[in-house]
K.L.:
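I have a structure here, written as structure tokens, and I will follow up with some questions on it.
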Amino acid sequence: MSNATGQTPGLRYPSNKKTIYDRNLNRSKNAELSRAAFAYLFVEMISYAQGRARDITGLEQQLNNQGYPLGIRLLDLLLSRSANPLASIRPTRILPLLQFIAQTLWRHLFGRPADALERSESDPGQYMLFDNEPLVNTYISLPREMTQLNCAAYVAGIIEGVCDGAGFATEGVSAHSVSEQEGESAAKALWPGKTVFLIKFKPEVLEREEILGRG
Amino acid sequence: MVVFALFVISKAGGLIYNREFHSGLSKLTSNDYLMLAGSFHGMHAITKQLCPAPSLPAHPSSNAAVLAPSPFSNRATGIEVLESSHFRIQCFQTLTGTKFLLFTEPQQPNIDSMIRKIYELYADFVMKNPFYTVEMPIRCEKFDRALDGFVKVRS
């Protein structure tokens, strides 16, 4: 595409020489985004990831990578915007971090808090965050050959970014559709898109948590 | 109000979606459905040629600037309604050429709003689905469920 005559290539600045860094951080605090606009963008993101991945795990990893930078930036933004100045330091214990994710982050992204937060019984370093109906999956119907895929891997990437940014290294955050079990078949029918985010922390994080818990 | 069936025909004339909501209809093979859709598509194209010349917009004699003639405001359309004593077919053609055929009972109010709503559901659960290729047969679970919810609630 040809440039207009006399225009230099590269980023263009508005005439008052203000960039995005000069904007007030709270300017977009209550801004709303069209759900349809996000849905179409997400469709393209998934197609792009599909082109670079060879299988379903690779596709979920691509989506995870796409969400990761968002998590790091959102952590700082949401902490700086928190109403109580005493609360605007990053969480140092696991439980406050997870509550920050389940409440503040979820409310910022989806307008409602996450539905449940549990600690896994079998593995003390693994935590589970439940969402009955992830917003990113609203318009997605999975084809029959891809039922193991969950596109909320994008949100899992955001969560991983937040955890890493706060200093809690994870082995990985993954999104899984809740499978039908004996007692849960009724629950699944009510929320067919129910998703669980598995957050697995690294051993050094668990050690640190234990030391902090003791002292 | 009773809806019998919904057909969606692609731009090329192929049937991409068919669904029956009423149990009393006689069974047809899938080939029959394809033939029905193809015949309707052909008939629609022929009737579009037969459509009388659209009337020009009234008096561009006012002082307002005359806009360039838009191809959309007075487009000739093909057959829109086909009514018999047992059923009524309404055809809604989108700007992109996709046709929605709704089969209902003859005295059925509010068909326009129903078709609009079905078009909305199509735009949501089919077009925003990353695993759907345009003009291919529609296999979207959420579209089916949303249609069920909408048609069953109304009837």
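For clarity, every value in this text was computed on a predicted model and none was experimentally measured.
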K.L.:
Select all residues of residues 121-139 of chain B having any heavy atom within less than 4.5 Å of some heavy atom of chain A, and report them by number, or 'none'.
P.N.:
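When heavy atoms of chain A are the reference, residues 121-139 of chain B contributes B:A123, B:D124, B:F125, B:M127, B:K128, B:N129, B:P130, B:F131, B:R139 within the under-4.5 Å range.
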K.L.:
For the atom pair CD1 (A:I140) and CD (B:E141), what is the distance rounded to the nearest 0.5 Å?
P.N.:
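Spacing of CD1 (A:I140) from CD (B:E141) equals 13.0 Å.
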K.L.:
Atom CZ of residue position A:R81 - does it have more than 12 heavy atoms of other residues, nucleotides or ligands inside 6.0 Å?
P.N.:
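Yes, CZ of A:R81 has more than 12 neighbouring heavy atoms, counting only those of other groups under 6.0 Å.
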K.L.:
Would you say that more than 12 heavy atoms from the other residues, nucleotides or ligands in this model lie under 6.0 Å from the CZ of B:R116, or not?
P.N.:
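Result for CZ/B:R116: open.
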K.L.:
Please check if atom CD in A:E121 has more than 12 non-hydrogen atoms from other residues, nucleotides or ligands closer than 6.0 Å.
P.N.:
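Check fails, neighbour count at 12 or below.
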K.L.:
Within a reach of under 6.0 Å around NZ of B:K11, are more than 12 heavy atoms found that belong to other residues, nucleotides or ligands?
P.N.:
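No - once you tally the heavy atoms of other residues, nucleotides and ligands closer than 6.0 Å, there are 12 at most.
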K.L.:
Locate the shortest heavy-atom distance separating B:R145 from A:P192; write the atom from each residue and the value.
P.N.:
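B:R145 and A:P192 have their closest heavy atoms at NH1-CG, 3.5 Å.
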K.L.:
Name, in order of residue number, those residues of residues 30-48 of chain A that have a heavy atom at a distance of less than 4.5 Å from a heavy atom in chain B; otherwise write 'none'.
P.N.:
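The residues closer than 4.5 Å to chain B, in numerical order, are A:A36, A:A39, A:Y40, A:V43, A:I46.
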K.L.:
Does CD belonging to A:Q103 count more than 12 external heavy atoms closer than 6.0 Å?
P.N.:
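Counting neighbours around CD of A:Q103, more than 12 heavy atoms of other residues, nucleotides or ligands fall under 6.0 Å, so yes.
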